[in-house]
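Following: one structure in structure tokens, then a few remarks.
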Amino acid sequence: MTYPIRPVAEAEWSAFGDVLAEGFAWTPHPVQSERYKRETEFDRTLAAFDGDTIVGCTAIFSFRMTVPGGPIPVAGVTAVSVLPSHRRRGVLSALMRRQLTDIRERGEAVAALYASETPIYGRFGYGRAAGQMALTIDKRGAAFVRDAPVDPALRLRVAKPAEARADFERLFAAVVTRRPGLYERKPAFWDNILADEEFDQRGAGVLRSVIAEDDQGVRGYALFRIKPDWDADGMPAGELRLNELFAADPAAYALLWRSVLDRDLVSKIVSHARPVDDPLFALVADQRQLRARWSDDVWVRLVEVDRALTSRSYAAPVDVVLAVQDEACPWNSRRWRLSADTTGAECKPVDDEPDITLKAASLGSAYLGDGTLIEEHGAGLLGEHTPGAVRALNTAMSWSPKPWAGLVF
């Protein structure tokens with residue numbers, strides 16, 4: 001059985017939202033639902049219908065994401081869900097394939113998403129392209145190394161987040177191109193980041209901020225909540241939950257972290273999403289106190305292999321023939337010669353014998369500068385026909401700093 005697929009109209013938002021709520025076991029507050037509606041690009045939604053009933057859906061946020069070398073247009077895939085009553089009927093496959101075709105027709109060579117369940121998206125060519133660390137820090141063990149950077153010109157300012165929004169937006173716009181994976185934030189995204197209704201707080205108190213600045217302007221900020229608590233002996237045991245921290249330079253970064261780590265009446269600092277190469281690991285004298293736990297961050301898919309591979313920079317020269325296997329985007333399934341160095345890249349279809357045979361998801365994984373090429377090679381999940389070719393490709397595609405998107409979309 002086939003299910004017609006088309007974009008939804010704004011008048012169909014309620015039914016679209018019902019599928020999301022059912023698929024994600026989520027009961028949004030009406031205000032949350034309205035916020036998400038304001039974010040939604042209705043011309044980039046897709047829904048599968050059984051008669052007049054929406055049984056599956058997905059959507060896209062259009063934005064520019066930083067890749068090695070600079071920002072490019074990327075399709076941010078979101079809201080992927082199918083009603084439990086219609087699972088394993090091909091609804092998800094049909095939606096994802098239609099979406100990839102639409103992305104290509106729109107001219108975007110790359111798509112990205114956050115995976116609610118990681119086994120799903122490799123089937124559609126998405127590869128895990130970044131990791132993240134969740135940190136749980138005991139305040140008592142958070143001393144910095146002796147030579148941590150200090151700038152006497154810097155000062156801290158406590159601000160109400162809603163009143164400092166323009167400062168946050170300017171600072172983020174200044175740093176967004178510094179790390180692959182970070183992407184531009186549209187006004188509706190900032191609305192959600194700074195939202196502070198009672199249901200946003202989840203028992204952790206109001207949203208707070210501290211800003212690092214000098215006479216020339218803002219150089220960094222931190223957004224957080226504090227859940228107050230006291231232990232059985234009457235000692236303060238509050239928990240500071242860090243939402244995000246960005247800075248334009250190392251001294252501002254260190255000052256902001258010190259402010260977070262030294263907060264009065266707090267014994268524990270928790271952050272659920274930090275880069276795997278966060279400079280904090282070098283700043284803290286006893287790194288074990290960070291109690292870091294790894295998880296996957298953003299996933300990437302090359303919708304058009306040649307345009308995607310020539311839209312980024314490379315850390316080292318490479319000249320390899322790639323036999324790409326891609327069921328969902330058959331236009332990619334062929335041999336491509338990637339010739340790149342630190343000045344540019346060329347990717348053309350060829351009939352030459354391949355150096356590497358790999359799936360589209362493997363290239364997606366490596367695209368932002370980290371990925372799983374070496375692990376897949378070691379596991380026998382991709383074919384190396386020329387000794388050293390995988391290592392050469394991995395070296396050329398690697399990047400520093402490591403990728404991290406840092407905000408679920």
I'd like to know if Glu39 and Arg35 make a salt bridge, using a cut-off of under 4.0 Å between side-chain N and carboxylate O. no

Any side-chain heavy atom of Thr40 sitting closer than 4.5 Å to one from Thr45? yes

Could Asp370 and Lys402 be called an ion pair, given the rule that one side-chain N must be under 4.0 Å from one carboxylate O? yes

Can you sort out the partners of Ser398 under side chain to side chain donor-acceptor pair (under 3.5 Å), two or more places apart, ordered by chain and number? none

Would you kindly check if the NZ (Lys) or CZ (Arg) of Arg185 is within the cone defined by 45 degrees around the ring axis of Trp190 and under 6.0 Å from the six-membered ring centre? yes

Per the salt bridge (charged side-chain N to carboxylate O under 4.0 Å, His left out) rule, what does the pair list look like for residues 335-346, sequence neighbours excluded? Asp319-Arg337, Arg335-Glu353, Arg337-Asp352, Glu346-Lys348

His29 and Glu197: side chain donor to acceptor below 3.5 Å: no

Min side-chain heavy-atom separation Leu113-Tyr126 under 4.5 Å: yes

I want to check something: taking the side chain as every heavy atom from C-beta on, are Gln132 and His272 in contact at a cut-off of under 4.5 Å? no

Quick test of your reading of the model: are Asp277 and Arg179 salt-bridged, counting only N-O distances below 4.0 Å? yes

Under the side-chain contact (heavy atoms from CB on, under 4.5 Å) test against Pro149, which residue among Leu283, Asp249, Leu255 passes? Leu283

Electrostatic pair Glu239:Arg241 at N-O distance under 4.0 angstrom: yes

Any salt bridge between Asp138 and Arg291, counting N to O under 4.0 Å? no

Under 3.5 Å, is there a donor-acceptor pair linking the side chains of Ser62 and Arg44? yes

Do NZ/NE/NH1/NH2 and the carboxylate oxygens of Asp326 and Arg301 come within less than 4.0 Å? yes

Any side-chain heavy-atom pair of Thr372 and Leu381 under 4.5 Å: no

Inspect the contact between Arg106 and Asp43 and indicate whether a charged nitrogen and a carboxylate oxygen are less than 4.0 angstrom apart. yes

Answer yes or no: is there a side-chain heavy-atom contact under 4.5 Å between Arg123 and Ile120? yes

Please determine if Lys186 and Asp191 form a salt bridge, counting it only when a charged side-chain N lies under 4.0 Å from a carboxylate O. no

From CA spacing to verdict: ring-ring contact (aromatic ring centres under 6.0 Å, His included), Phe172, Tyr221: CA-CA 9 Å; Phe172 185 81; Tyr221 70 87; 7.8 Å; no

